[in-house]
Chemist: 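This structure is in structure tokens; I'll ask about it shortly.
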Amino acid sequence: MTDMSDLKPQNQWVSEERKAGLGKRHRTERRFKLLGLAAIFIALAMLATLFVSIASKGYSAFVQTRFELNVYFDETVIYPNGDRSAQALRGASYVSLIRNALRAEFPDVETRKELRSLFGIFSKGASRQLRNMVMEKPSVIGTTTATWLIASDDMDMFNKGYIPRDVVEADRRVKDNEIKWFDHLVEKGVVQKVFNWGFFSSGDSREPEIAGIWGAMVGSFYTLLITFVIAFPIGVMSAIYLEEFAPKNRITDIIEVNINNLAAVPSIVFGLLGMGLFLNVAHLPRSASMVGGLTLALMTLPIIIISARASIRAVPDSIRHAALGLGASRQQTAFHHVLPQSMPGILTGTIIGLSQALGETAPLLMIGMVAFIVDIPGNVTDPATVLPVQIFLWADSPERAFVEKTSGAILVLLVFLVFMNALAVLLRRKFERRK
Amino acid sequence: MIKKTLGLAVIATVALAGQAVARDQIRIVGSSTVFPFATTVAETFGDKGVFKTPVVESTGSGGGLKLFCAGIGEGHPDITNASRRIKKSEVEKCAKAGITEITEVKVGFDGIVLANSKAAPPVILTKKQIFMALAKQVPVNGKLVANPYKTWKDVDASLPNTKIEVLGPPPTSGTRDAFVELAMEGGAKKFPSLKALRKTDKRAFKIIAHTVREDGAYIEAGENDNLIVQKLTANKNAVGIFGFSFLDQNADRIQGGIIGGVKPTFENISAGDYGISRSLYFYVKNAHVGKVPGLKEYLAEFTSEDAFGEFGYLTEKGLIPLSKEERALVRSRAASLSKLNLM
């Protein structure tokens with residue numbers, strides 16, 4: 001290396017002026033690099049803040065407080081009038097079983113008011129738990145079984161430390177005697193935090209402790225499925241036609257301008273269009289994931305067409321010429337050579353379009369998908385809601401316990417988005433390797 | 001591509017099949033204030049296992065009535081919730097679509113509170129002071145001028161010397177409608193000049209009484225009441241306007257303001273002593289009863305003592321129940337589907 005510099009004539013052709021200029025250019029470059037780094041750092045810091053703030057609020061949604069109670073499955077309560085049909089079994093007063101067990105556990109609670117708040121330490125979901133137990137295994141009737149039952153949302157919040165002990169009783173959601181009972185249960189070792197499976201397996205509920213996102217997840221799945229099945233083939237076909245077959249004239253120019261325009265139209269407008277077209281004209285069922293999927297397909301179409309056209313255009317002309325030269329028809333050229341080459345780009349565009357559709361709520365408001373729906377949708381015509389709508393509805397609920405549920409649902413949505421975008425990268429890699 | 005065409009064909013068949021199926025599920029639309037109560041009843045109703053759980057949409061009172069009055073048939077909702085009474089114009093609109101028989105069910109009360117952070121002293125105001133602090137135009141020395149008050153002390157010497165900063169719902173909200181009607185209009189009436197105007201020109205009076213200032217003292221904080229609560233804990237000088245159930249749930253962080261000497265408590269609102277409270281309703285399309293299964297049973301569930309009674313499960317969600325006599329009346333009217341009469 002030293003030899004080289006020795007060989008170089010010492011700055012003979014570089015004037016002082018040029019040298020200063022070179023220094024300046026280097027400085028500019030360093031500054032630009034630094035700015036770029038800073039930009040990335042700020043972006044990452046913001047992302048981290050968002051994620052940490054959501055995760056720190058939301059992680060507790062995945063666990064749930066339960067109390068163990070010795071429940072006597074009293075035959076006289078379950079079959080009050082001897083009717084042993086499934087309907088009677090379903091409609092039996094399981095709350096009474098819990099109430100009787102609580103009375104046995106806390107015999108010194110007597111006044112009506114106190115009993116009322118004592119019964120309130122268990123969730124409405126607890127009696128459903130007992131019902132499911134009995135319906136699954138009727139042999140428990142007549143026995144006394146220690147059962148872990150879901151605690152009420154206030155108890156859950158208290159156990160997780162969201163309700164402070166040191167506030168004046170009047171201002172506290174959990175009153176002094178409730179804390180006394182809670183402490184008694186803790187002492188007995190019958191308070192537990194378990195993984196909240198119900199959050200992932202049940203539908204929406206007005207009781208935060210038993211509300212789940214499965215219904216919204218299924219709704220999102222159906223909606224996106226419809227969106228994909230409609231938007232992907234139509235989008236890719238239009239792109240192929242516009243790029244490979246259509247003549248370049250004023251009409252195709254107008255179409256192109258319109259497609260670009262549509263991609264920038266606010267999503268609520270597509271909601272209005274969906275309402276007018278699918279509900280008022282086609283009379284499809286309101287709130288159905290099919291209508292949601294169709295509406296979102298309208299929204300996603302321009303994005304897919306634009307990205308597909310761009311990646312088709314990026315395929316070198318030499319490939320087309322070679323195929324045509326060997327006697328392939330234009331259709332064969334397009335489908336056998338151009339389309340496989342452009343597939344990675346098309347898929348990336350599609351998945352980005354779909355992840356945008358996954359996060360959309362505004363157009364769904366118009367077609368009635370912003371709704372309280374308990375039942376898990378069984379097909380695309382059932383009333384359904386989607387993940388972002390579920391988040392919106394929970395964020396708007398007064399109960400304190402919905403705060404963590406909201407953040408929990410956001411975390412699930414983020415996981416889905418990460419998964420979808422990772423899939424885009426994976427598919428692109430796979431197709432690129434095939435070349 | 002064959003697969004895709006097949007997929008399309010499947011979708012098309014499902015689409016056609018979906019149309020043919022009759023609706024076996026109650027559909028409810030309407031007010032976001034009644035939404036938490038309607039959904040709780042819907043869930044309990046569905047949990048009994050006889051009928052499907054009704055679908056409840058949160059569209060706002062006005063939006064709900066619009067959908068409700070669009071027509072009869074399975075494409076239209078059976079019930080709409082409202083945080084105000086149905087208007088005469090809406091009844092007429094309904095009648096035009098052939099909906100002449102509507103049953104009105106009064107559910108209970110909802111208080112609107114002015115609250116602030118626990119870290120500051122509680123807000124003590126009269127309706128007149130609320131009007132003076134929030135109206136766009138106020139009478140000063142007998143003349144209407146653009147609201148000159150910047151701090152609470154400017155409004156009344158007894159109030160603290162802090163900037164007027166009120167976070168409240170936007171005009172699309174039913175809470176806002178009720179607030180301007182009950183609090184601001186109530187305050188405007190206290191001015192003799194405006195009271196005189198009310199007698200001569202009711203419209204002009206309403207415009208003055210219902211127009212909220214737009215110079216930054218009143219901040220529209222969106223429909224999300226949880227957000228207002230969070231902002232109040234962060235800014236102890238701000239005052240927020242929202243429904244009673246949010247105060248009930250967050251009593252360890254915020255406190256309700258005393259309006260006209262009355263605290264916003266469960267007892268005061270249900271007794272009718274608290275000045276800013278409104279009634280909540282829902283409306284049932286009688287033509288759908290018998291066609292959509294479970295409609296009558298849903299009405300019975302909502303008007304049962306277990307639900308909207310004094311110790312019913314809706315009170316846990318923040319509903320303030322009607323008096324015992326009124327509940328009995330509402331229940332019998334709901335059971336007999338007695339036709340709404342606005343007179």
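Chain letters run A, B, ... following the sequence lines, proteins first, then strands; residues in each count from 1. Predicted, not measured: the structure shown is a model, and the values here were computed from it.
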Chemist: Return the CD to CD1 distance between B/E57 and A/I367, rounded to the nearest 0.5 Å.
Modeler: 9.5 Å
Chemist: Relative to chain A, which segment of B/F242 carries a heavy atom at a distance below 4.5 Å: side chain, backbone, both, or neither?
Modeler: neither
Chemist: Of the backbone (N, CA, C, O) and the side chain (C-beta and beyond), which part of A/R286 lies under 4.5 Å from a heavy atom of chain B, both, or neither?
Modeler: both
Chemist: Only pairs of heavy atoms separated by less than 4.5 Å count here; which of B/T59, B/I28, B/T39 has the most with chain A?
Modeler: B/T39
Chemist: Heavy-atom distance under 4.5 Å to chain B: side chain of A/S397, backbone, both or neither?
Modeler: backbone
Chemist: What's the spacing between B/D252 CG and A/Y162 OH if we round to 0.5 Å?
Modeler: 14.0 Å
Chemist: Can you tell me if CD on B/E297 sees more than 12 non-hydrogen neighbours from other groups inside 6.0 Å?
Modeler: yes
Chemist: Which distance, rounded to the nearest 0.5 Å, do you find between the CG of A/D154 and the CD of B/E316?
Modeler: 9.0 Å
Chemist: So for B/Q255, is it side chain, backbone, both, or neither that comes closer than 4.5 Å to the heavy atoms of chain A?
Modeler: neither
Chemist: Other residues, nucleotides and ligands only: do more than 12 of their heavy atoms fall within 6.0 Å of CZ on B/F51?
Modeler: yes
Chemist: Less than 4.5 Å to any heavy atom of chain A: does that hold for the side chain of B/P54, its backbone, both, or neither?
Modeler: backbone
Chemist: Do B/D248 and A/E399 come within less than 4.5 Å of each other through their side chains, counting heavy atoms only?
Modeler: no
Chemist: Quick one: does B/Q249's side chain have a donor or acceptor within less than 3.5 Å of a partner on A/R400's backbone?
Modeler: yes
Chemist: Checking B/L67 against chain A: side chain, backbone, both or neither under 4.5 Å from a heavy atom?
Modeler: side chain
Chemist: Keeping the roles fixed (side chain from B/E43, backbone from A/R206), state whether a donor-acceptor pair exists under 3.5 Å.
Modeler: yes
Chemist: Please classify the contact between A/L225 and chain B as side chain, backbone, both or neither, with a heavy-atom cut-off of under 4.5 Å.
Modeler: neither
Chemist: Keeping the roles fixed (side chain from B/N226, backbone from A/A395), state whether a donor-acceptor pair exists under 3.5 Å.
Modeler: yes
Chemist: Between A/R128 and B/D47, is there a salt bridge with N-O shorter than 4.0 Å?
Modeler: yes
Chemist: If you count heavy-atom pairs under 4.5 Å between each of A/G293, A/G368, A/P164 and chain B, which one has the most?
Modeler: A/G368
Chemist: Can you confirm whether the side chains of A/S287 and B/R27 place a donor and an acceptor under 3.5 Å from each other?
Modeler: yes
Chemist: Quick one: does A/K124's side chain get under 4.5 Å of B/T44's, heavy atoms only?
Modeler: yes
Chemist: Measure the CG-CZ distance between A/L393 and B/F35 for me, rounded to the nearest 0.5 Å.
Modeler: 5.0 Å
Chemist: Do other residues, nucleotides or ligands put more than 12 heavy atoms under 6.0 Å from the NZ atom of A/K175?
Modeler: yes
Chemist: Does OH in B/Y313 sit with more than 12 non-hydrogen atoms of other residues, nucleotides or ligands closer than 6.0 Å?
Modeler: yes
Chemist: Using a strict 4.0 Å threshold on nitrogen-to-oxygen distance, state whether A/E207 and B/K317 make a salt bridge.
Modeler: yes
Chemist: Around atom NZ of B/K263, are there more than 12 heavy atoms of other residues, nucleotides or ligands at under 6.0 Å?
Modeler: no
